[in-house]
Amino acid sequence: MQKVLVSASHFDTLCRDAYQLLEANGYQVLFDPARSFPAYTTQELENHPDREDIVAALIGMDDFRDEGKFKALPNLKAVAKFGVGVDNIDGEMAKRYGVAALNAPGQNSNAVAELTVGFMLDLLRHVIPLHKAMEQGGWPRFIGSEIKGKTVGLLGFGAIARLVAQKLRAFDVTVLAFDLYPNEKLAEELGVRMVSREEVITASDLVSIHIPATPETYHLFNRETIASMRDGAYLLNPARGALVDLDALAEALLSGKLAGAALDAFEVEPLPAGAPILKCENIVLTPHTGAETKESYYNVSMTTVQDILRVLKGEKPVHCVNP
């Protein structure tokens with residue numbers, strides 16, 4: 001029997017419809033809820049008893065930039081990322097092995113957008129520090145700030161950033177955005193002003209990052225970039241950890257250059273216990289949880305599984321990053 005290997009967590013509980021869809025089409029789902037997620041090593045796949053029968057893989061953080069994985073799965077036809085970012089899949093390498101690289105764009109965008117707006121409110125009102133103070137028996141009287149009247153800068157104007165802009169319309173803010181391929185019409189409809197990357201960074205009270213991690217954007221927010229931000233500004237990164245130099249950010253927070261930061265992604269995950277960022281005060285740190293909602297699990301699982309089935313039936317998938 002042909003089999004689909006799944007290394008995305010909660011597939012047996014939050015993705016039952018997708019699980020059953022694979023089975024209804026005659027495929028056995030290889031999912032081990034007892035294993036330590038999120039990834040299979042190359043050695044594990046080389047020694048996997050079912051490796052000859054695996055025709056598709058639905059992955060979380062597995063590194064499919066390693067050619068050894070493609071060699072270990074000789075009958076693989078599709079590898080699908082449980083999410084949007086495919087920086088852990090080498091699309092060209094997959095193509096050489098006849099493997100379609102799939103993802104689920106837009107299916108978890110609302111979850112990330114809602115978390116982003118929540119970050120903004122948490123930072124402006126110091127929700128986390130105040131909570132910590134109360135845990136210690138304190139009752140601090142902190143004077144926060146309102147989001148109304150602030151300038152929010154969106155670095156990137158893709159699906160998530162557009163949803164953030166849409167949600168911010170209710171807060172009476174000015175929204176600036178930069179994108180390499182700006183959609184001026186949609187920006188106008190959402191009341192967003194498209195500007196340069198530099199203006200987003202230097203003119204915003206809150207800067208929210210919504211761009212992919214590439215060699216060109218590695219540590220885009222370094223000491224120099226952060227120094228160009230407004231004094232007392234806030235930095236939010238619900239995107240990719242490699243975009244921010246955490247040490248430079250920690251320095252800016254400790255010095256008072258920035259008033260706060262919220263991060264959902266980190267260059268090294270899990271975040272090391274001794275990371276300097278943990279010594280900072282007004283921070284909100286979440287363990288790459290932006291897409292972790294029941295709704296997004298359903299949407300992503302159904303989108304990826306439907307495309308996997310299209311590939312296995314010889315049909316054209318809807319979301320393929322290496323056509």
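Because only heavy atoms are used, hydrogens play no part in the values below, and waters and symmetry mates are left out as well, while side chains stay in.
- Taking the six-membered ring for Trp and the full ring otherwise, F70 and F64 have centroids separated by under 6.0 Å.
- When the side chain to side chain donor-acceptor pair (under 3.5 Å) test is applied to E251, the partners found at least two apart in sequence or on another chain are R223.
- Note: the hydrophobic cluster containing L206 does not contain L235 (ILVMFWY, side chain heavy atoms under 4.5 Å, direct or indirect links).
- Counting only residues at least two apart or in different chains, ring pair (Phe, Tyr, Trp, His ring centres under 6.0 Å) contacts with residues 273-300 comprise H10-Y297, F82-Y297.
- Of the possible donor and acceptor atoms, none in the side chain of K81 sits under 3.5 Å from a partner among the backbone N and O of L58.
- A donor-acceptor contact under 3.5 angstrom links the side chains of E114 and N110, judged on distance only.
- In this model, a donor atom of one side chain and an acceptor atom of the other lie less than 3.5 Å apart for T293 and S296.
- Nearest approach of P140 to G138, heavy atoms of both residues: CD-C, 3.5 Å.
- For the pair R35 and Y40, the distance from NZ or CZ to the six-membered ring centre is under 6.0 Å and the angle to the ring normal is within 45 degrees.
- Between P238 and D264, the closest heavy-atom pair is CA-CB, 4.1 Å.
- Every side-chain contact (heavy atoms from CB on, under 4.5 Å) that V195 has, sequence neighbours left out, goes to L176, R193, E199, V200.
- Annotation: side chain of F266 is in contact with side chain of L285 (closest heavy-atom distance under 4.5 Å).
- Side-chain contact between S208 and M120 is present, with at least one heavy-atom pair separated by less than 4.5 Å.
- Judged by distance alone, with hydrogens and angles left aside, the side-chain atoms of N75 form a donor-acceptor pair with the main-chain N or O of E52 at under 3.5 Å.
- Note that CD1 of I54 is 6.5 Å distant from CG of L45, once rounded to the nearest 0.5 Å.
- Between the CE atom of M194 and the CG atom of L186 there is a distance of 9.5 Å, given to the nearest 0.5 Å.
- Between the side chain of D179 and the main chain of F157, a donor-acceptor pair closer than 3.5 Å is present.
- When side chains are defined from C-beta on, L271 counts as touching L278, because their heavy atoms get closer than 4.5 Å.
- The number of heavy atoms from other shown groups lying within 6.0 Å of CD (E184) is above 12.
- Remark: A113 pairs with I160, L163, V164, K167 by the side-chain contact (heavy atoms from CB on, under 4.5 Å) rule, at least two apart or across chains.
- Between K69 and D63 there is no salt bridge, since no side-chain N of the basic residue sits under 4.0 Å from a carboxylate O of the acidic one.
- Taking all atoms of both residues into account, the shortest heavy-atom contact from A161 to G156 is CB-O, 3.2 Å.
- The shortest distance between side-chain heavy atoms of P276 and L246 does not fall below 4.5 Å.
- Side-chain contact annotation: E135 with H131, donor-acceptor N/O pair under 3.5 Å present.
- Cluster partners of M134, using a side-chain heavy-atom cutoff of under 4.5 Å among ILVMFWY residues and allowing indirect links, are W139.
- In this view, K150 satisfies the side chain to side chain donor-acceptor pair (under 3.5 Å) rule with no residue, not counting sequence neighbours.
- Formation of a donor-acceptor pair under 3.5 Å by the S228 side chain with backbone atoms of T225 is found in this model.
- Q28 contributes atom CD, which lies 6.0 Å from atom CE of M1 (distance to the nearest 0.5 angstrom).
- In this structure, the side chains of Q2 and D53 stay at 4.5 Å or more apart for every pair of heavy atoms.
- The only option from V6, T13, D12 that meets the side-chain contact (heavy atoms from CB on, under 4.5 Å) definition with Y19 turns out to be D12.
- With hydrogens and angles disregarded, a donor-acceptor distance shorter than 3.5 Å links the side chain of N103 to the backbone of V84.
- Between the side chain of N282 and the main chain of A259, a donor-acceptor pair closer than 3.5 Å is present.
- Residues N322 and A94 come closest through the heavy atom pair ND2-CB, 3.7 Å.
- Y234 and I201 fall into different hydrophobic clusters, where Ile, Leu, Val, Met, Phe, Trp and Tyr are joined by side-chain heavy atoms under 4.5 Å apart, directly or via other members.
- K316 is linked by a salt bridge (charged side-chain N to carboxylate O under 4.0 Å, His left out) to nothing, counting only residues two or more places apart in sequence or in another chain.
- No donor-acceptor pair under 3.5 Å is formed between the side chain of D62 and the backbone N or O of A39.
- D205 places a side-chain N or O within 3.5 Å of a backbone atom of T151 that can act as its donor or acceptor partner.
- Taking Ile, Leu, Val, Met, Phe, Trp and Tyr as hydrophobic and joining them when side-chain heavy atoms fall under 4.5 Å apart, one finds F142 in a cluster with L130.
- Within the 3.5 Å criterion, the main-chain N or O of A291 finds no donor-acceptor partner in the side chain of N108.
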Do any side-chain atoms of residues 305-315 form donor-acceptor pairs under 3.5 angstrom with protein atoms, and if so which ones, sequence neighbours left out?
residue, atom, partner, partner atom, Å
D307, OD1, R310, NH1, 2.8
D307, OD1, V318, N, 2.7
D307, OD2, V318, N, 3.3
D307, OD2, H319, N, 2.7
K313, NZ, N25, OD1, 3.4

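- The closest donor-acceptor contact from the side chain of K95 to the backbone of P323 lies under 3.5 Å.
- The pair E189-K185 counts as a salt bridge, with a side-chain nitrogen and a carboxylate oxygen less than 4.0 angstrom apart.
- Around the CD atom of E281, the shell of radius 6.0 Å holds no more than 12 heavy atoms that belong to other residues, nucleotides or ligands.
- Proximity of V127 to L121: side-chain heavy atoms (C-beta onward) are nowhere separated by under 4.5 Å.
- Neither side chain, T41 nor Q43, offers a donor N or O lying under 3.5 Å from an acceptor on the other.
- Scored by the salt bridge (charged side-chain N to carboxylate O under 4.0 Å, His left out) test, R197 finds no partners at all (sequence neighbours excluded).
- Counting heavy atoms from C-beta outward, H48 and L30 have side chains that approach closer than 4.5 Å.
- When every heavy atom of R230 is checked against every heavy atom of T202, the shortest pair comes out as CG-O, 3.3 Å.
- The minimum heavy-atom distance linking L123 with A261 is given by the pair CD2-O, 3.4 Å.
- For I211, the side-chain contact (heavy atoms from CB on, under 4.5 Å) criterion is met by L155, I209, T217, L220, L243, not counting sequence neighbours.
- Under the rule for a side-chain contact (heavy atoms from CB on, under 4.5 Å), the partners of A159 that lie at least two apart in sequence or sit in another chain are S109.
- In this structure the side chain of L253 reaches within 4.5 angstrom of the side chain of I277, judged on heavy atoms.
- Expressed to the nearest 0.5 Å, how far CG of N299 lies from CD of Q107 amounts to 5.0 Å.
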